[in-house]
Amino acid sequence: MDIAAYLYPWDVLGDPDAAGRFAGLGLDHAVLAAGYHATRALTPHHPEHRVVTVPHSAAYYPTDDTAWRGSELRPPAATWLPGRDPFGAATGALAAAGVPVHAWLVLTHVDLPTGAGTTNCVVNAYGDRYPWALCPARDAVLRYAVTYAAEAVARPGVAGIELEACGWYGFDHLSAHDKTAGFALDDTRQYLFSLCFCGACHIAYRRAGIHPEELAGRVREALDTGSPATVDDLLGADLARSLGAVRNAIADRLRAQVVAAVRRAAPGATVALHASPRSHQSTAFTGVTASIAAAVVDRLVVSCWQGPDAVAETLGRAGEASAESLRVRAGASAESLRAGAEISVVASLLAVSAMGGRPAELPAQAARARAAGADGIRLYHAGLAGAADLAAIASMRRSFR
């Protein structure tokens with residue numbers, strides 16, 4: 001089992017014991033944030049602070065002016081972190097302790113400074129803009145994701161990359177003092193509320209024979225009635241199928257081009273995708289067609305915070321597909337495809353008790369994930385974990401030796 005845990009650079013910077021503490025867990029590598037969105041995070045072991053407030057999305061390394069020249073979107077610098085290259089400094093500290101590093105990069109989920117990128121965000125059926133969600137149908141977003149991923153994976157000391165929100169991201173978002181609980185959204189309505197109606201999506205819908213204004217009206221009607229039903233029931237099976245095909249093609253194009261750029265920038269790097277086998281998902285674990293994703297990336301990381309069902313579901317949906325059909329459907333270049341590749345599924349487990357995790361049960365959870373077909377484990381999150389949580393992580397690692 002390949003077992004790793006997530007970290008932020010600020011978990012390591014300024015703490016001389018951090019890298020050694022992580023190394024003592026016995027994990028195979030750290031998954032270190034190279035670019036992330038706004039957050040407020042605890043640092044329970046740090047000698048200088050207990051809370052880090054991150055005001056907006058940023059790259060945690062110095063971006064290259066040449067690579068980003070002419071781009072509408074560009075990740076800003078993390079001016080609140082010490083030094084010019086906090087990701088590089090944390091990577092170096094972990095490497096000195098014998099810990100390999102994979103970069104962790106969030107793409108279409110953003111919290112950009114006010115006004116930045118709003119023309120490239122998702123627009124729902126009511127005309128509301130989601131400034132936290134970039135629309136992958138837009139060329140500026142495609143260039144942003146491709147440039148960002150290629151740059152991050154090429155940082156010194158990086159052995160692999162995990163791509164989060166690499167596809168559609170939608171309504172799912174927690175903001176400061178979030179006030180959205182009054183609008184109850186099941187999975188179906190979460191999907192409908194996440195559909196995009198920006199100009200680029202209008203063009204894509206029309207090309208597929210879908211009238212965007214009519215679709216928006218049906219989505220609004222379905223959301224406003226509040227009656228429980230499936231997407232097929234609410235939109236009609238034919239329209240739902242056509243809509244899904246359009247969105248899958250857009251997301252597959254983004255993933256194929258991002259991964260192709262990553263492989264050109266770092267040919268030996270391992271590429272993992274945070275994914276859900278349910279194509280309607282528009283979250284950090286974005287919905288994918290498992291057979292296409294398996295032919296493009298090396299690993300799929302699926303959320304098992306509620307149990308290992310996502311592992312079995314992903315493997316069950318990973319049907320065989322020819323290289324030519326994959327190329328057509330995903331828009332992938334030949335060098336980006338892994339012909340005949342078998343899917344590798346990694347289970348993400350919650351390892352922080354204060355976030356609702358059950359660290360003491362991690363060995364049993366990991367064993368169930370492995371029995372379901374997982375060949376790796378990702379633990380969220382070593383930087384947020386208290387002392388007892390870290391002890392449980394180390395115990396789980398020992399149980400697989």
Side-chain angles (χ1 to χ4, degrees), residues 108 121-130 133-138 141 165-173 183-256 273 275-294 300 302-303 309-310 313-314 316-319 321 325-326 328-331:
T108 58
C121 64
V122 169
V123 181
N124 71 16
Y126 298 89
D128 307 313
R129 291 185 174 273
Y130 295 168
L134 296 176
C135 175
R138 303 190 70 86
V141 175
C166 185
W168 289 102
Y169 196 84
F171 182 69
D172 186 62
H173 179 70
F183 195 172
L185 296 174
D186 57 16
D187 283 348
T188 296
R189 283 166 183 77
Q190 186 80 239
Y191 172 66
L192 295 178
F193 216 54
S194 298
L195 294 177
C196 186
F197 292 88
C198 73
C201 285
H202 273 221
I203 292 171
Y205 294 150
R206 289 194 181 98
R207 285 174 177 167
I210 299 172
H211 194 285
E213 286 80 9
E214 179 182 341
L215 173 61
R218 295 180 71 169
V219 169
R220 291 192 298 269
E221 180 181 2
L223 287 168
D224 292 343
T225 59
S227 57
T230 66
V231 174
D232 284 3
D233 293 333
L234 294 172
L235 298 182
D238 290 342
L239 177 57
R241 190 179 305 110
S242 297
L243 174 62
V246 171
R247 286 172 61 83
N248 286 344
I250 289 170
D252 287 339
R253 180 188 69 154
L254 178 83
R255 288 187 281 266
L273 175 69
S276 167
R278 302 181 180 184
S279 60
H280 288 175
Q281 292 291 324
S282 303
T283 63
F285 293 88
T286 188
V288 301
T289 303
S291 57
I292 290 180
L300 295 181
V302 299
S303 176
D309 292 349
E313 188 174 355
T314 301
R317 295 189 180 193
S325 69
L326 289 170
V328 171
R329 292 171 65 195

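Here the structure is a predicted model, which is why all the values come from computation and not from measurement. Just so you know, these numbers use all the heavy atoms, side chains as well, and skip hydrogens, waters and symmetry mates.
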- Query: Where does the angle between the aromatic ring planes of Phe193 and Phe171 fall among parallel (under 30°), tilted (30 to 60°) and perpendicular (over 60°)?
  - Reply: perpendicular
- Counting only heavy atoms not in Glu213, do more than 12 fall under 6.0 Å of its CD? yes
- Separation between CD1 of Ile250 and SG of Cys201, rounded to the nearest 0.5 Å: 5.0 Å
- Nearest-0.5 Å distance, CG of residue Leu243 to CG of residue Asn248: 9.0 Å
- Search all heavy atoms of Ala240 against all heavy atoms of Val231 and return the closest pair with its distance. CB-CG1, 3.8 Å
- Note on the structure: Residues Thr108 and Tyr169: closest non-hydrogen pair is OG1-CB, 3.6 Å
- Message: Measuring from atom CZ of Arg241 to atom CG of Leu235, what distance do you get when rounded to the nearest 0.5 angstrom?
- Response: 12.0 Å
- Message: Among residues at least two apart in sequence or on other chains, which ones pass ring pair (Phe, Tyr, Trp, His ring centres under 6.0 Å) with His173?
- Response: His109, Trp132
- Task: Might you point out which heavy atoms bring Thr286 and Trp168 nearest each other, and give the distance in Å?
- Result: OG1-O, 3.1 Å
- Nearest atoms (heavy-atom pairs only) where Gly170 meets Ala133: O-CB, 4.1 Å
- Message: How close do Cys166 and Leu254 get, counting heavy atoms only, and between which atoms?
- Response: C-CD2, 3.9 Å
- OH of Tyr130 to SG of Cys198, rounded to nearest 0.5 Å, is 13.0 Å
- Task: Hey, can you tell me if His202 and Phe197 have their rings parallel, tilted or perpendicular (30° and 60° cut-offs)?
- Result: perpendicular
- Query: Taking atom CZ of Arg220 as the centre, does the number of heavy atoms from other residues, nucleotides or ligands within less than 6.0 Å exceed 12?
  - Reply: yes
- Item | Interatomic distance, Leu300 atom CG to Thr314 atom OG1 [nearest 0.5 angstrom] | 6.5 Å
- Kindly write out the residues that satisfy side chain to side chain donor-acceptor pair (under 3.5 Å) with Asp172, not counting sequence neighbours, or none if the list is empty. none
- Does a side-chain heavy-atom distance below 4.5 Å link Ser282 with Gln190? no
- Quick one: CD on Gln281 to OG on Ser194, what's the gap to the nearest 0.5 Å? 9.0 Å
- Query: Between the side chain of Ser242 and the main-chain N/O of Leu239, is any donor-acceptor distance below 3.5 Å?
  - Reply: no
- Task: Run through Asn124, Val219, Val123 and flag the one making a side chain to side chain contact (heavy atoms under 4.5 Å, CB included) with Leu195.
- Result: Val219
- Task: Identify the heavy atoms of Val246 and Ala208 that sit nearest to each other, and give their distance.
- Result: CG2-CB, 3.3 Å
- Task: Take Arg278 and Asp187 through the side-chain contact (heavy atoms from CB on, under 4.5 Å) test and state the conclusion after the steps.
- Result: CA-CA 10 Å; Arg278 302 181 180 184; Asp187 283 348; 4.1 Å; yes
